Amino acid sequence: MVKVKVFDSTEARNSKRVPLEAPKTDARAFYDVVESRRSIRIYTDEPVPESVMRRAMDAALLAPSSSNLQVWEIHWVRTAEKKAKLAEHCLGQPAAVTAQEIVVFVARPDRWRENNEHMLSMLKANPKSPAKALQYFGTITKLVYNQGPFGIFRPFKYLWLTFRGLKKPTPREPIHLGQMATWAHKSTALAAQNFMLAVRAEGFDSCPMEGLDSKRVKALLGLPRAAGINMAISVGKRAEGGIYGPRFRFDSSRAIHEH
Ligand SMILES: Cc1cc2nc3c(=O)[nH]c(=O)nc-3n(C[C@H](O)[C@H](O)[C@H](O)COP(=O)(O)O)c2cc1C
């Protein structure tokens, strides 16, 4: 059984880590981006430079991901014919039909093992890799994410974690394939949000879309059943009438709870 070390705060602060600089940031610039991002449903015909798309996709891939396993994919549909098909599969909604570009963020829980092996081989190739990292990807992730063929480990994992959890804090998920999907979608959605904020920072606009036919989109992109369409995101420059209404949010007291 792998022992997970429990740190106290002094010990955690004193443990050896890569020294990190925290560069000065411009909070106002960040909030300008966050506040001016709106879901745009009608775009102008101004093209989006390829360099903008590439920088925004690179920013997407800087999102944090669970266990750093990066079980996400970005499918950028570039040919006019495929783009038209994709817009059709996005139910022909204006945000898709008028878009200059459309990317599809895809969650790939089924690729956890392959990514884990890739991580391990990269760690093994570097003699400076910490032993703890090798242990994490060599043992812990394999226990946590392996659900067995067709998810048959579920009852055993449930019993083991429930029993263990009686005595000490214990991670309870993921213990079945549905939770693996949730696990992969969480990280993928963070990448999608990075992408939308980057697009806005570049002076362009976007619209996230889950109003789509996931089965048809998967077929178009050549994806397997286990892949999950996280969301399609259209990109372009906002056109007159492209914002359907003023920004509306519930009162923050409905969402923010202090304990
Ligand atoms: C996961 C997700 C799926 C969405 N799907 C659609 C969609 O299919 N079509 C659409 O026009 N807007 C879609 N939206 C946009 C929301 O309607 C929009 O974010 C919300 O109304 C708030 O407006 P704002 O983004 O301008 O702040 C989606 C947003 C999210 C996060």
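One-based numbering, in listed order, for ligands and for the atoms of each. Keep in mind the model is a prediction, meaning the values are calculated, not measured.
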query = Taking the six-membered ring for Trp, are Phe250 and Phe248 parallel (under 30°), tilted (30 to 60°) or perpendicular (over 60°)?
reply =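 Rings of Phe250 and Phe248: perpendicular, as their planes differ by over 60°.
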request  = Please list all pairs passing the salt bridge (charged side-chain N to carboxylate O under 4.0 Å, His left out) test where one or both residues lie in residues 145-159, with sequence neighbours left out.
outcome  =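 Non-adjacent pairs meeting salt bridge (charged side-chain N to carboxylate O under 4.0 Å, His left out): zero.
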request  = Could you list all the salt bridge (charged side-chain N to carboxylate O under 4.0 Å, His left out) pairs where at least one residue sits in residues 213-235, not counting sequence neighbours?
outcome  =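 Salt bridge (charged side-chain N to carboxylate O under 4.0 Å, His left out) check on residues 213-235 returns Asp213-Arg216.
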message = By the side chain to side chain donor-acceptor pair (under 3.5 Å) test, which pairs, at least two apart or in different chains, include something from residues 239-252?
response =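 Pairs touching residues 239-252 that pass the test: Asp251-Ser253.
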query = Heavy atoms under 4.0 Å from ligand 1: which residues qualify?
reply =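 Those residues closer than 4.0 Å to ligand 1 by some heavy atom are Arg37, Arg38, Ser39, Arg41, Gln93, Cys207, Pro208, Met209, Glu210, Gly211, Arg247, Arg249.
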query = Is the number of heavy atoms from other residues, nucleotides or ligands within 6.0 Å of CG (Asn126) greater than 12?
reply =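 Yes, the 6.0 Å shell around CG holds more than 12 heavy atoms from other groups.
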inquiry  = For a quick check under 3.5 Å, do Ser36 and Arg200 share a side-chain donor-acceptor pair by atom type?
reply    =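 A donor-acceptor contact under 3.5 Å links the two side chains.
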